[in-house]
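Below you'll find the structure, written out as structure tokens, and then a few comments.
What you see below is based on every heavy atom in this structure, not just the backbone, and it leaves out hydrogens, waters and symmetry mates.
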Amino acid sequence: MSDKNAILTVGGEAREYAIMDGSVGPQVIDVRKLYANTGMFTYDPGFTSTASCESGLTYIDGDEGVLLHRGYPIGQLAEQSSFMEVSYLLLNGELPSKQELADFTRTITRHTMVHEQLTTFYRGFRRDAHPMAIMCGVVGALSAFYHDSTDINDPAQRTIASHRLIAKMPTIAAMAYKYSVGQPFVYPRNDLSYTANFLRMTFSVPAEEYEPDPVIVDAMDKIFILHADHEQNASTSTVRLAGSSGANPFACIAAGIACLWGPAHGGANEAALNMLREIGTVDRIPEYIARAKNKDDPFRLMGFGHRVYKNYDPRATVMQKTAKDVLEKLGVNDPVFDVAKELEQIALNDPYFIEKKLYPNVDFYSGVILSAIGFPTEMFTVLFALARTVGWVAQWNEMISDPAQKIGRPRQLYTGPVQRDYVPVADR
């Protein structure tokens, strides 16, 4: 708590509201008693100036291009850590020892199989169903299969549910892909890493053995790390809001998946890749650059700039190098990737883009990488959900443990009709 208070004068009466300090970042004004004191609410569409909770997980400074998980810069984690280590960090607050990491990895690995009856659940979907639609349904149904980990008041059950969600999400995601292409499900293997296991379950077939390429495994692990958590975004806020009612963890994560499916949230990398395909060839780039600079043209360069980051997206720095490694390793010959490389260089050097801080973001590079690896665009958001599950779970656990947390109940500025009397239909 700060030594200073904010003073708000309403109707000539001044009242003080405490100013609260975080460990880093902007201070907040505690307005919890505002309605009781003044009979008024605050008005903040999109909650762009409202802190909905207290959290020690992730910190973002958009102006400086900073992203920290439990205090560690995202660049250091992506370059030096692993997704399992970052998952442990988000869940437990500290980096694990060698033994703690081994134990945690073993626990997650032993939970990767799903209930066998769940495999029949997929057959209820049409073959052309979007994988995110399947993910919403299957993850929401987990509470019907795992009754022993739905009591949110039991810390042990919360831990089991957290481990199950993180462990089973790659299996569920791979099964959604396999179902959409008409191939048999591939069961997980305990001798592979988290990321290698997912790649094998996605791309292997019974007719031949599949050996995950270390370069591709490393790239996917980095993508998972870079998408693990991103503070109080729309889907994370949805998970917290659903959880505030006491809903079971599987339902809360399903709610997060549903929110992430929105094109303004999780579909950004798909939109970026679609834009590259629309441009088509390098010789057409000047035409689209001119359109992007024209305020009267509805065309927008997708994958450039970010609502939060007013500087270079710190995740994009890692993805830029990873994209080059993957394209070089796979030797991909596709004009779309030539367009991406040229567009990247123009955006990084053109004064217009530099002035407006329209740098390539993580979505620009991740879409290119995932497409090169072989994922169809409809799987992009599924992969986002897979990685973000650990952040959702960590945020949910933090919320459940917060004594100040109450059921979410945003207020409104009502602009509808005032009270009026009902008129019988015959008299209208």
Side-chain angles (χ1 to χ4, degrees), residues 6-17 28-53 121 124-126 128-144 150 152 232-268 270-271 295-298 300 307 378 381 385 392 395-396 399-400 402 404-428:
I7 299 175
L8 176 65
T9 302
V10 178
E13 184 176 359
R15 291 187 180 274
E16 293 188 349
Y17 295 91
V28 301
I29 301 172
D30 185 353
V31 297
R32 282 176 285 187
K33 295 183 179 180
L34 179 68
Y35 177 64
N37 290 341
T38 67
M40 294 183 179
F41 302 136
T42 56
Y43 183 64
D44 185 21
F47 308 109
T48 55
S49 297
T50 300
S52 62
C53 64
F121 194 76
F125 297 100
R126 286 174 48 133
D128 60 355
H130 195 289
M132 281 296 278
I134 296 175
M135 291 285 284
C136 284
V138 173
V139 173
L142 289 178
S143 59
T150 56
I152 65 170
Q232 305 307 316
N233 52 75
S235 58
T236 298
S237 297
T238 299
V239 170
R240 279 182 171 264
L241 191 60
S244 73
S245 73
N248 73 74
F250 304 108
C252 295
I253 302 307
I257 292 172
C259 181
L260 185 68
W261 194 1
H265 191 2
E270 182 176 346
K295 290 185 292 185
D296 297 325
D297 194 310
R300 290 178 58 212
R307 177 180 176 181
E378 58 267 23
T381 317
W392 289 334
Q395 296 272 356
W396 175 80
M399 180 211 66
I400 295 294
D402 185 357
Q405 182 62 40
K406 298 180 179 180
I407 184 172
R409 181 59 170 86
R411 299 295 190 168
Q412 65 175 13
L413 176 63
Y414 178 72
T415 56
V418 296
Q419 182 173 324
R420 48 188 173 173
D421 294 326
Y422 175 81
V423 178
V425 65
D427 299 334
R428 288 179 222 155

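The side-chain hydrogen bond (donor to acceptor under 3.5 Å, both in side chains) analysis of residues 407-425, with sequence neighbours excluded, yields the pairs Tyr422-Arg428. The salt bridge (Lys or Arg N to Asp or Glu O under 4.0 Å) contacts involving residues 240-250 comprise Arg240-Glu398, where partners must be two or more places apart or lie in separate chains.
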Pairs under 3.5 angstrom only: tabulate donor-acceptor contacts from the side chains of residues 134-142 to other protein residues two or more places apart or in another chain.
none

Distance-only check: which donor-acceptor pairs under 3.5 Å involve side-chain atoms of residues 249-267, not counting sequence neighbours?
unit_1	atom_1	unit_2	atom_2	d
His265	NE2	Asn233	OD1	3.4
His265	NE2	Ser235	N	3.3
His265	NE2	Ser235	OG	2.9

Using atom types as modelled, flag every donor-acceptor pair under 3.5 Å from a side chain in residues 33-48 to any protein atom, sequence neighbours excluded.
unit_1	atom_1	unit_2	atom_2	d
Asn37	ND2	Tyr17	OH	3.3
Asn37	ND2	Lys33	O	3.2
Thr38	OG1	Leu34	O	2.7
Thr38	OG1	Met40	N	3.1
Asp44	OD1	Thr48	N	3.3
Asp44	OD1	Thr48	OG1	3.3
Asp44	OD1	Ser49	N	3.4
Asp44	OD2	Thr48	N	3.3
Asp44	OD2	Ser49	N	2.9
Asp44	OD2	Thr50	N	3.0
Asp44	OD2	Thr50	OG1	2.5

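Closest heavy-atom contact between Val28 and Ala51: CG1-CB, 4.0 Å. Counting all heavy atoms, side chain and backbone alike, Gln405 lies closest to Ser244 at NE2-CB, 3.8 Å. Nearest heavy-atom pair across Pro410 and Gly408 is CD-C, 3.9 Å. Nearest heavy-atom pair across Gln232 and Gln395 is NE2-OE1, 3.0 Å.
The number of heavy atoms from other shown groups lying within 6.0 Å of CD1 (Ile29) does not exceed 12.
Note: Met399 CE to Thr236 OG1 = 12.0 Å, rounded to the nearest 0.5 Å.
Not counting sequence neighbours, the partners of Asp427 by the side-chain contact (heavy atoms from CB on, under 4.5 Å) test are Val423, Pro424.
Judged purely by atom type and a 3.5 angstrom limit, Ser237 has no side-chain atom pairing as donor or acceptor with the backbone of Ala234.
Side-chain contact between Thr238 and Trp392 is absent, with no heavy atoms from C-beta onward closer than 4.5 Å.
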